[in-house]
Peer 1: 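My questions all concern the structure below.
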Amino acid sequence: MENPFYITGIIPEPYFCDREKETAWIVRTLENKAHILLTSPRRMGKTQLIRHVFEQPSIKNRCYTFYTDIYPTTSLHELVLFLSKEIYSVLVPKGKTVLDKFLAGLHSLAGSFGYDPVSNTPTFNIKLGDIHSPELTLEEIFCYLEQADKPCIFAIDEFQQIANYPEKNVEATLRAHIQKMNNCLFIYAGSNRHILENMFNSAAKPFYNSAEQIFLDCISKDIYTAFAEELFAKAGRRITPNTTAYAYDLFEGHTYYVHNVLHNAFAYVDPDKIVEETDIDNTLSDILEEKGRSFASLMNQMNYQHKETLIAIAKEGKASRVTSVNFVKKHSLKSPSSVQYAISALLEKQLLTYQNDGRTKVYSVADRFLEMWICRIY
Ligand SMILES: Nc1ncnc2c1ncn2[C@@H]1O[C@H](COP(=O)(O)OP(=O)(O)OP(=O)(O)O)[C@@H](O)[C@H]1O
Ligand SMILES: [Mg+2]
């Protein structure tokens, strides 16, 4: 029996839980021709939500949808490569005429394509070194999107990466192109709120006010637990309602973590046994043990002040007023300023995340398994 709790890859529709309101809002916003900024803490479900939106008939039947995750990129060259590769792979199955239209527009890369004599189509084997003038190629890509024979929606995941590119004015260049487009809408997604909010909410920045914003929170407890119980039931398995609620509460509903624990409970608890709270505890211990090695090496490579700050925040769970004398004293940290530095570095590395509570920032460890592991080890 296939495990219905997907923790990697694309989730087939019957195993995708809820997100009805968010999906409807995004579809409606796109229909109103507005770009979207989608943020959430890490592993809440942004990527899956985007894929789900793209599966909606009103989108799927009418538009070309593109999705690229630019987390690995550190330069405009790579961005250009990722965008063009994605367009290529979406267009290949649409046939030669459609594909040729795209490739013919990429004058700056002409001569860099291979050719597959069997399928009678060009192959995309562009290397970073082939992109000599990324600004020009970028322009050609946008030009294609503008002239495509269907409306386009391009989701760029982990969009905050562009803020780190060494090239000058990348944000301004991108924004200038996008502003002129009528045929392509963008979904900018990412979990680094720190950078994304700065990009979209400061008046001095090129992307200021250029997208409708949606913050993705947990799936509600009633909906998620009913869904999880149904997945067990459909497989002829049993789990008590208290247990699904217990798994949900362990992580305050943080999607990936709850889902991961139930995935493992489904996989490893004897199929004839009713899954109970103790099974969740055991499953969680196994997960933490398995992840322990990589967590240990992460801690091993960390600067001491960053480490003690991370530990303090893990122990606190949700930490506010972190640069106050109280917090520094309580956790025997060096000084408010050292905590301030550590927090910037840890946010940058996405090891910490925060939520706004009025004007105060409430910090927590981004990876809940890491948080639990730290609390057990230190
Ligand atoms: N609607 C959903 N139904 C079922 N499982 C979900 C759903 N949303 C998220 N998940 C679970 O959470 C995992 C993480 O989701 P996803 O990759 O979309 O999160 P993310 O916010 O993009 O994370 P990251 O910040 O790491 O990119 C999925 O692999 C899946 O296990
Ligand atoms: Mg993602």
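Just so you know, ligand 1 is whichever comes first in the structure, and atom 1 is the first atom listed for that ligand. Along the sequence shown, residues carry numbers from 1. Please read these numbers as outputs of a predicted model, since none were measured by experiment.
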Peer 1: Around atom CD of Glu290, are there more than 12 heavy atoms from other residues, nucleotides or ligands closer than 6.0 Å?
Peer 2: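 Atom CD in Glu290 is not packed in, count stays at 12 or less.
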Peer 1: Please compare Lys46, His259, His263, Gln350 and report which has the shortest non-hydrogen distance to atom 25 (O) of ligand 1.
Peer 2: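 Of the listed residues, Lys46 has the closest heavy atom.
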Peer 1: Among protein heavy atoms, which sits nearest to atom 16 (P) of ligand 1, and what does the distance come to when rounded to 0.1 Å?
Peer 2: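 Closest protein heavy atom to atom 16 (P) of ligand 1: Gly45 CA, 3.6 Å.
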Peer 1: What part of Tyr15 sits under 4.0 Å from ligand 1 if we count only heavy atoms: the side chain, the backbone, both or neither?
Peer 2: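 Backbone only.
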Peer 1: For residues Asn282 and Tyr268, is any side-chain donor paired with an opposing acceptor at under 3.5 Å?
Peer 2: no
Peer 1: Would a line drawn from the ring center of Tyr188 to the ring center of Phe200 be shorter than 6.0 Å?
Peer 2: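 So the answer is yes for these two rings.
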Peer 1: Gln350 versus Tyr71: any side-chain heavy-atom pair under 4.5 Å?
Peer 2: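 SC-SC contact between Gln350 and Tyr71 confirmed.
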Peer 1: Among all protein heavy atoms, pick the one closest to atom 10 (N) of ligand 1 and tell me residue, atom and distance.
Peer 2: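 Answer, as residue, atom name and distance: Thr255 CG2, 3.4 Å.
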Peer 1: Thr137 and Glu140: side-chain donor and acceptor closer than 3.5 Å?
Peer 2: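 Side-chain D/A pair, Thr137 to Glu140: absent.
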Peer 1: Hey, is ligand 1 close enough to Arg43 that some N/O pair sits below 3.5 Å?
Peer 2: yes
Peer 1: So which protein heavy atom does atom 12 (O) of ligand 1 come closest to, and at what separation?
Peer 2: Tyr256 CA, 3.4 Å
Peer 1: Looking only at protein heavy atoms, which one is nearest to atom 31 (O) of ligand 1, and what is the separation?
Peer 2: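 Residue, atom and distance for the closest contact: Tyr6 O, 2.5 Å.
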Peer 1: Got the closest protein heavy atom to atom 2 (C) of ligand 1, with its distance?
Peer 2: Cys17 N, 3.6 Å
Peer 1: Would you please determine whether Ile7 falls within less than 4.0 Å of ligand 1 on a heavy-atom basis?
Peer 2: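 Within the 4.0 Å threshold, so yes.
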Peer 1: With ring pair (Phe, Tyr, Trp, His ring centres under 6.0 Å) as the test, pick out the partner of Phe5 among Tyr257, Phe232, Phe16.
Peer 2: Phe232
Peer 1: Could you check whether Tyr144 and Tyr64 have their ring centres less than 6.0 Å apart?
Peer 2: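 Centroid separation for Tyr64 and Tyr144: 6.0 Å or greater.
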Peer 1: For ligand 1, which atoms have a heavy atom of Ser191 less than 4.0 angstrom away?
Peer 2: 25 (O)
Peer 1: Does ligand 1 come near enough to Ile11 that some N or O of the ligand is less than 3.5 Å from an N or O of the residue?
Peer 2: no
Peer 1: So which protein heavy atom does atom 17 (O) of ligand 1 come closest to, and at what separation?
Peer 2: Thr47 CB, 3.9 Å
Peer 1: Below 4.0 angstrom, N of the basic side chain to O of the carboxylate: do Lys334 and Glu308 qualify?
Peer 2: no
Peer 1: Sort by chain and number the protein N/O/S atoms that are closer than 2.8 Å to the Mg ion (ligand 2), and list them.
Peer 2: Thr47 OG1
Peer 1: Consider only side-chain N and O atoms of His259 and Tyr224, and report whether a donor and an acceptor are under 3.5 Å apart.
Peer 2: yes
Peer 1: Using a strict threshold of under 4.0 Å (side-chain N to carboxylate O), is an ion pair present between Lys318 and Asp357?
Peer 2: no
Peer 1: For atom 18 (O) of ligand 1, what's the nearest protein heavy atom and its distance?
Peer 2: Gln48 N, 2.8 Å
Peer 1: Check whether any side-chain heavy atom of Phe266 sits under 4.5 Å from a side-chain heavy atom of Val275, and report yes or no.
Peer 2: no
Peer 1: Heavy-atom pairs closer than 4.0 Å: do any link ligand 1 to the side chain of Arg42, the backbone, both, or neither?
Peer 2: both
Peer 1: Can you find a non-hydrogen atom of Glu158 under 4.0 Å from ligand 1?
Peer 2: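 Yes; Glu158 lies near enough to ligand 1 that a heavy-atom distance drops under 4.0 Å.
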Peer 1: Is the distance between the ring centroids of Phe66 and Phe82 under 6.0 Å?
Peer 2: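 Between Phe82 and Phe66, the centre distance exceeds or equals 6.0 Å.
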Peer 1: Please check if the side chain of Asp279 supplies one atom and the backbone of Glu276 the other of a donor-acceptor pair under 3.5 Å.
Peer 2: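 Flag set: sc Asp279 to bb Glu276 pair under 3.5 Å.
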